[in-house]
Amino acid sequence: MASSIRGIMLLALLMSDGFKMRKMASSMPICTPGSFQCQVLLSDLFDRAVKLSHYIHSLSTEMYEDLDQRFSQGRQFLGKSMSSCHTSSLSTPEDKDQALQTHHDDLINLVQKLLRSWNQPLQHLALEAPDNMASKVKEVEEHAKILQGGIDRIAGRMQSNLGDDFYPQWFGPLDPRMPKGDSESYALYHLLHCFRRDSNKIDNYLKILRCRMVHASNC
């Protein structure tokens, strides 16, 4: 009888210890900067994300420069509106040094908010872009959606909370009060100016995150 009681107590103890171990394991971070586990889990995801973000920024630069040559002589008509993008309300690092000092949770949140804030404008661009640019805009739109899914996966592996669903809303194209026939072209020019700026931020933030989380900032 005594041995039976001791056996039951031992089993209960083992089960209790096993539960504690499982609880400890589940509470441990999935990924810590520079760890081998982090490299295995995140390196491929980050590589794909950075390739996508770099390609998106390259396409946005090509499209912007095409229009920039056309409208470079008339920028004065746009005035301050060129610096007034719909994502300007987001507080982002002003330069690389500030970005390097920003917590990785905040950086991944900024990337996702910037991407989401461009869903509707990119749909508009795909409809309004001239024929010679429409295919590039559509490609950018598709890659941006894929990148958003990748960011969700990366945030999950990092156990980062992407926070609330707030992101800057776009309320339609700019009305620069240009002569008839030019306003739509300038509105497109303004959107591409803003998207080029934001796609550059997304690309830079992802490269900083990859360096920090996969290579322990040794890059």
Side-chain angles (χ1 to χ4, degrees), residues 46-96 98-99 107 110-151 167-210:
F46 265 119
D47 285 346
R48 293 169 190 168
V50 167
K51 285 177 182 176
L52 270 176
S53 67
H54 184 73
Y55 185 58
I56 289 170
H57 179 57
S58 297
L59 284 176
S60 70
T61 299
E62 288 178 17
M63 292 187 291
Y64 173 75
E65 288 178 349
D66 286 344
L67 285 182
D68 189 49
Q69 293 177 0
R70 179 178 173 185
F71 296 121
S72 59
Q73 301 302 318
R75 288 181 192 162
Q76 65 271 19
F77 291 103
L78 288 173
K80 294 181 180 179
S81 64
M82 283 304 294
S83 60
S84 179
C85 301
H86 74 284
T87 54
S88 296
S89 60
L90 274 181
S91 179
T92 59
E94 294 184 5
D95 51 36
K96 185 177 180 179
Q98 281 194 12
L107 280 181
L110 281 173
V111 168
Q112 192 65 302
K113 287 180 186 296
L114 284 169
L115 284 168
R116 288 176 179 173
S117 71
W118 277 100
N119 284 339
Q120 192 174 355
L122 285 176
Q123 290 176 5
H124 173 81
L125 277 173
L127 294 174
E128 299 297 329
D131 293 341
N132 63 335
M133 191 182 292
S135 61
K136 289 182 180 179
V137 176
K138 193 65 181 175
E139 193 174 1
V140 165
E141 184 185 9
E142 291 172 357
H143 285 320
K145 289 178 181 177
I146 295 171
L147 183 56
Q148 285 182 57
I151 297 305
Y167 55 88
Q169 298 294 314
W170 183 69
F171 297 104
L174 174 75
D175 180 9
R177 305 296 178 185
M178 294 294 296
K180 187 175 181 181
D182 287 339
S183 59
E184 291 182 1
S185 296
Y186 271 99
L188 180 65
Y189 180 58
H190 175 260
L191 264 182
L192 287 174
H193 160 80
C194 293
F195 184 64
R196 180 189 181 217
R197 185 196 71 168
D198 287 346
S199 65
N200 185 49
K201 290 181 180 180
I202 291 168
D203 190 41
N204 287 333
Y205 297 164
L206 283 175
K207 287 173 180 174
I208 289 171
L209 281 167
R210 179 176 63 175

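For E94, the CD atom sits in a loose shell: 12 or fewer heavy atoms of surrounding residues, nucleotides or ligands are nearer than 6.0 Å.
The CG atom of L59 lies 5.0 Å from the CD atom of E139; values are rounded to the nearest 0.5 Å. Rounding to the nearest 0.5 Å gives a distance of 8.0 Å between NZ of K113 and CG of L110. Distance check: R196 CZ to M63 CE gives 11.5 Å after rounding to the nearest 0.5 Å. Considering CG of L52 and CG of D203, their distance stands at 10.5 Å, rounded to 0.5 Å. Rounding to the nearest 0.5 Å gives a distance of 9.0 Å between CD1 of I202 and CD of Q112. Taking CG of D95 as the start and CG of N204 as the end, the distance is 11.0 Å to the nearest 0.5 Å.
The side chain to side chain contact (heavy atoms under 4.5 Å, CB included) check on H124 picks up E128, W170, P173, L191, with sequence neighbours excluded.
Considering only heavy atoms from C-beta on, N200 stays 4.5 Å or farther from T61 through its side chain. Residues K207 and H54 meet the side-chain proximity criterion, which asks for heavy atoms closer than 4.5 Å. Considering only heavy atoms from C-beta on, H86 comes within 4.5 Å of P121 through its side chain. W118 is listed as a side-chain neighbour of C194, based on a closest heavy-atom distance under 4.5 Å. Put simply, the side chain of L192 reaches to within 4.5 Å of the side chain of L125, judged on heavy atoms. Counting heavy atoms from C-beta on, the side chains of L127 and V137 never come closer than 4.5 Å. Side-chain contact between Q148 and N119: present, with at least one pair of heavy atoms (C-beta onward) separated by less than 4.5 Å. Taking 4.5 Å as the limit, some side-chain heavy atom of R197 sits within range of a side-chain heavy atom of S88.
In terms of heavy atoms, A144 sits closest to L115 at O-CD2, 4.3 Å. Residue A129 comes nearest to L188 through the heavy atom pair CA-CD2, 4.4 Å, listed as atom of the first residue, atom of the second, then distance. Contact detail for T87 and S117: the closest heavy-atom pair is CG2-OG, 3.2 Å.
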Carefully, step by step, assess V140 and K145 under the rule side chain to side chain contact (heavy atoms under 4.5 Å, CB included). CA-CA 9 Å; V140 165; K145 289 178 181 177; over 6 Å; no
List the steps, then state whether salt bridge (Lys or Arg N to Asp or Glu O under 4.0 Å) holds for E141 with K138. CA-CA 5 Å; E141 184 185 9; K138 193 65 181 175; 3.5 Å; yes
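Aromatic ring pairs are classed by plane angle as parallel below 30°, tilted from 30° to 60° and perpendicular above 60°; the pair Y189 and Y64 is parallel.
With 3.5 Å as the limit, one finds a donor-acceptor pair spanning the side chains of S60 and S199.
Comment: K51 does not engage D47 in a salt bridge, judged by the lack of any side-chain N to carboxylate O separation of less than 4.0 angstrom.
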